[in-house]
Amino acid sequence: YKTIPLPIELSELSSWAKPMPTAKALADSFCAAVHVMTVVLEVAIKHGAYFPPDIETTIVAGATSALPGTVNAELADYKVTSHVVIGRTFRQIVSAKKKLDADLIVMPSHRPELINRLIGPTADMAQRNTTVSVLIVRDYSE
């Protein structure tokens with residue numbers, strides 16, 4: 001593997017506590033580049049009447065300033081690039097695969113709730129919509 005996207009949710013430690021060491025081990029084994037990404041949902045488009053018009057800009061700015069701290073703390077000795085993108089999470093993961101010419105995606109999965117069993121969690125949607133291997137690192141300790 002040469003390029004590994006690692007999508008994380010900055011506010012959820014469980015989204016990167018287990019997948020990040022896995023991505024580190026793979027990066028070590030294959031001399032791969034890791035691309036840590038976080039996705040900001042399109043709040044204004046869906047709920048524009050309820051939020052200020054610049055809400056996405058504010059959220060992106062916060063994520064852009066917070067992501068490097070998380071990345072540097074966990075992956076200081078690795079070739080890592082940080083990305084903050086806006087949109088639906090699984091679509092942005094699939095898009096990142098294409099833009100980065102990634103050959104493996106490492107991502108978290110949480111204990112599925114009933115609603116997720118009906119409509120599919122992000123990890124499931126991402127793996128169904130990409131042509132590369134997706135390593136889903138599960139965290140059922142919650």
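When all heavy atoms are compared, the tightest approach of Phe30 to Tyr1 is CB-O, 3.2 Å. Taking every heavy atom of both residues into account, Val34 and Ala23 meet most closely at CG2-O, 4.1 Å. Ser109 and Ala123 get closest at one heavy-atom pair: CB-CB, 4.3 Å. Closest of all the heavy-atom pairs between Ala126 and Phe90 is N-CB, 3.9 Å. Residues Lys18 and Arg138 share a closest heavy-atom pair of CD-O, 3.7 Å.
With hydrophobic clusters built from ILVMFWY side chains whose heavy atoms lie under 4.5 angstrom apart, Val137 shares a cluster with Val36. Val80 and Met20 fall within the same hydrophobic cluster, where Ile, Leu, Val, Met, Phe, Trp and Tyr residues are linked whenever their side-chain heavy atoms come under 4.5 Å apart, directly or through other members. Placement of Val134 and Ile4 in two distinct hydrophobic clusters is found when ILVMFWY residues are connected by side-chain heavy-atom separations under 4.5 Å, directly or transitively. Val71 and Leu6 end up in the same hydrophobic cluster when Ile, Leu, Val, Met, Phe, Trp and Tyr side chains are linked at under 4.5 Å. Leu75 and Leu13 fall within a single hydrophobic cluster, where Ile, Leu, Val, Met, Phe, Trp and Tyr side chains are chained together by heavy-atom contacts under 4.5 Å.
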Might you work through the side-chain contact (heavy atoms from CB on, under 4.5 Å) test for Leu135 and Leu26, ending with a clear yes or no?
-> CA-CA 11 Å; Leu135 176 57; Leu26 289 164; 3.9 Å; yes
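With a 4.5 Å cut-off on side-chain heavy atoms, Thr3 and Asp101 do not count as touching. When side chains are defined from C-beta on, Glu9 does not count as touching Thr89, because their heavy atoms never get closer than 4.5 Å. Side-chain atoms of Thr81 and Leu100, non-hydrogen and from C-beta on, never get closer than 4.5 Å to each other. Contact check for Thr122 versus Met107: side-chain heavy atoms found under the 4.5 Å cut-off. Contact annotation: the side chain of Thr130 never approaches that of Ile93 to less than 4.5 Å [non-hydrogen atoms, C-beta and beyond].
The distance from atom NE2 of His83 to atom CD of Gln92, rounded to the nearest 0.5 Å, is 11.5 Å. Distance check, rounded to the nearest 0.5 Å: CE of Met37 to CD1 of Ile105 gives 8.5 Å. Taken to the nearest 0.5 Å, the CG atom of Leu10 stands 12.0 Å off from the CD1 atom of Ile59. For the atom pair CG of Asp103 and NZ of Lys97, the computed distance is 8.5 Å after rounding to the nearest 0.5 Å. Of the inter-residue distances, the one linking Ile136 atom CD1 with Gln127 atom CD reads 5.5 Å to the nearest 0.5 angstrom.
Put simply, the side chain of Lys24 gets close to the backbone of Glu74: a donor and an acceptor are under 3.5 Å apart. In this structure, Thr38 contributes its side chain and Ile8 its backbone to a donor-acceptor pair below 3.5 Å. The backbone N or O of Val60 sits less than 3.5 Å from a side-chain atom of Thr64, completing a donor-acceptor pair.
If you run side chain to side chain contact (heavy atoms under 4.5 Å, CB included) between Val106 and each of Pro5, Pro19, Ser133, only Pro19 comes through.
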